[in-house]
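Quick notes on the structure that follows.
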Amino acid sequence: MRTAAKPTTIGFVRHGQTDWNAVGRFQGSSDTLLNDLGRAQAAQAADYLRDQLPNIRWSAVRHSPLQRAAETARIIAASIGTTDLRVLPSLAERDWGVAEGRTWDELMQLWPPLARLDPFEARQQIPGVEPRELLDARGRFVVESTTIQYPGQTVLMVTHGTLLRSSLSELLGGDIGYVPNAGVAVLEAQFTDDQLRVRLLDKSFGEDDQQTAPEGDRATQSR
């Protein structure tokens, strides 16, 4: 029976803004870079982690292999004083297939049948998109493996909006909402009687972020 003696604290941070975020282009596996605002947002996320969660000292930082997440992670790790910084491939963003590099409106023009579907279902039908089941399985794997490997410790994951929103919503049993660039969500995870138990400790975003977010960026987040 798999039962951890102490719960693991796992933080998730979405990367800072890129130029594609600013205009609402699907990024997915495309390796785009942070812009200047994105770097400032990463620094703000570090401030939030340090000032709003003063009782949590992050022992390790893991990040997606994509450059926008890697740079965000480096900025945060340097600011909060964490030296254990490594790539975790499972944190990569959902592959959006033919949508990558295009806006939602451009995608609807190129594939008109998608426009007749509910927006959520349309995202699942994009040619070449990673199936949502695999996306959520990657997110669950991150939480489960981290809980097993680091019982009682604190690990920060720097990742992407769709992976973060979809997988955490599935784990928590309810939609956590739109995740803005550099948004933070913190979980407590533990195995009890061989079952993973997860609860949300904190998040830095809410309804106001969804209302003020660029329309195109909201469209690229799958939920």
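Each residue takes its place number in the sequence, starting with 1. In this text the structure is predicted, and so the values were computed from the model without any measurement.
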Given side chains that start at C-beta, do those of [X] and [Y] come closer than 4.5 Å, heavy atoms only?
{"X": "Val155", "Y": "Thr9", "answer": "no"}
{"X": "Arg94", "Y": "Phe26", "answer": "no"}
{"X": "Arg123", "Y": "Trp96", "answer": "yes"}
{"X": "Glu93", "Y": "Ser29", "answer": "no"}
{"X": "Arg138", "Y": "Leu163", "answer": "yes"}
{"X": "Val142", "Y": "Leu88", "answer": "yes"}
{"X": "Asp19", "Y": "Val23", "answer": "no"}
{"X": "Leu200", "Y": "Leu187", "answer": "yes"}

Can you measure from [atom1] ([X]) to [atom2] ([Y]) and round to the nearest 0.5 angstrom?
{"X": "Glu144", "Y": "Thr147", "atom1": "CD", "atom2": "OG1", "value": "7.5 Å"}
{"X": "Asn181", "Y": "His160", "atom1": "CG", "atom2": "NE2", "value": "11.0 Å"}
{"X": "Arg102", "Y": "Gln109", "atom1": "CZ", "atom2": "CD", "value": "11.0 Å"}
{"X": "Asp136", "Y": "Ser166", "atom1": "CG", "atom2": "OG", "value": "3.5 Å"}
{"X": "Gln41", "Y": "Ile75", "atom1": "CD", "atom2": "CD1", "value": "10.5 Å"}
{"X": "Lys203", "Y": "Leu172", "atom1": "NZ", "atom2": "CG", "value": "9.5 Å"}

If we ignore hydrogens and angles and just use 3.5 Å, is the side chain of [X] paired with the main-chain N or O of [Y] as donor and acceptor?
{"X": "Asp31", "Y": "Leu66", "result": "no"}
{"X": "Arg140", "Y": "Ser167", "result": "no"}
{"X": "Asp95", "Y": "Gly97", "result": "yes"}
{"X": "Thr154", "Y": "Arg57", "result": "yes"}

Pair Val186-Val184, side chain to side chain contact (heavy atoms under 4.5 Å, CB included): steps then yes or no:
CA-CA 7 Å; Val186 181; Val184 176; 4.0 Å; yes
State, to 0.1 Å, how close [X] and [Y] come at their nearest heavy-atom pair, and which atoms those are.
{"X": "Ala69", "Y": "Ser64", "value": "CB-CB, 3.6 Å"}
{"X": "Ala122", "Y": "Leu114", "value": "CB-O, 3.5 Å"}
{"X": "Asn35", "Y": "Gly38", "value": "OD1-N, 2.7 Å"}
{"X": "Ala182", "Y": "Ala45", "value": "O-CB, 3.7 Å"}

His63: partners by ring-ring contact (aromatic ring centres under 6.0 Å, His included), with sequence neighbours left out
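Not a single residue meets the ring-ring contact (aromatic ring centres under 6.0 Å, His included) criterion with His63.
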Are Phe205 and Ile176 close enough, and set up right, to give a side chain to side chain contact (heavy atoms under 4.5 Å, CB included), and what steps lead you there?
CA-CA 9 Å; Phe205 51 90; Ile176 65 170; 4.1 Å; yes
Give me the one residue out of Thr83, Val13, Leu156 that meets side chain to side chain contact (heavy atoms under 4.5 Å, CB included) with Val61.
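Single pass found, and it is Leu156.
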Side chain to side chain contact (heavy atoms under 4.5 Å, CB included) with Thr159: which of Thr72, Val179, Leu164?
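Of Thr72, Val179, Leu164, side chain to side chain contact (heavy atoms under 4.5 Å, CB included) with Thr159 is met by Leu164 alone.
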Please say yes or no: joined through hydrophobic side-chain contacts below 4.5 Å, possibly via intermediate residues, are [X] and [Y] part of one cluster?
{"X": "Ile126", "Y": "Leu117", "result": "yes"}
{"X": "Val158", "Y": "Val143", "result": "no"}
{"X": "Trp58", "Y": "Tyr48", "result": "yes"}
{"X": "Leu168", "Y": "Val198", "result": "yes"}
{"X": "Phe141", "Y": "Met157", "result": "no"}

Between [X] and [Y], does any side-chain donor sit less than 3.5 Å from a side-chain acceptor?
{"X": "Thr32", "Y": "Arg68", "answer": "yes"}
{"X": "Gln153", "Y": "Thr8", "answer": "no"}
{"X": "Gln27", "Y": "Thr18", "answer": "yes"}

Could you pull out all residues at least two apart from Arg50 that satisfy salt bridge (Lys or Arg N to Asp or Glu O under 4.0 Å)?
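Partners of Arg50 by the salt bridge (Lys or Arg N to Asp or Glu O under 4.0 Å) criterion, ordered by chain and then number, come out as Asp47.
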So does Asp118 have more than 12 non-hydrogen atoms from other groups sitting under 6.0 Å from CG?
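Enclosed: over 12 neighbouring heavy atoms sit under 6.0 Å from CG of Asp118.
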I'd like to know whether Arg14 forms a side chain to side chain contact (heavy atoms under 4.5 Å, CB included) with Asn21, so could you lay out the CA-CA distance, the side-chain angles of the two residues, the decisive distance to 0.1 Å, and finally the verdict.
CA-CA 12 Å; Arg14 185 187 177 194; Asn21 285 138; 3.2 Å; yes
Take Glu106 and Arg25 through the salt bridge (charged side-chain N to carboxylate O under 4.0 Å, His left out) test and state the conclusion after the steps.
CA-CA 9 Å; Glu106 289 170 348; Arg25 294 192 184 281; 3.1 Å; yes
Any chance you could lay out the side chain to side chain contact (heavy atoms under 4.5 Å, CB included) test for Arg197 and Phe191, step after step, and finish with the verdict?
CA-CA 6 Å; Arg197 310 292 182 186; Phe191 278 98; over 6 Å; no
Partner set under side-chain hydrogen bond (donor to acceptor under 3.5 Å, both in side chains) for Glu121, not counting sequence neighbours:
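With sequence neighbours excluded, Glu121 shows a side-chain hydrogen bond (donor to acceptor under 3.5 Å, both in side chains) to Gln125, given in chain and number order.
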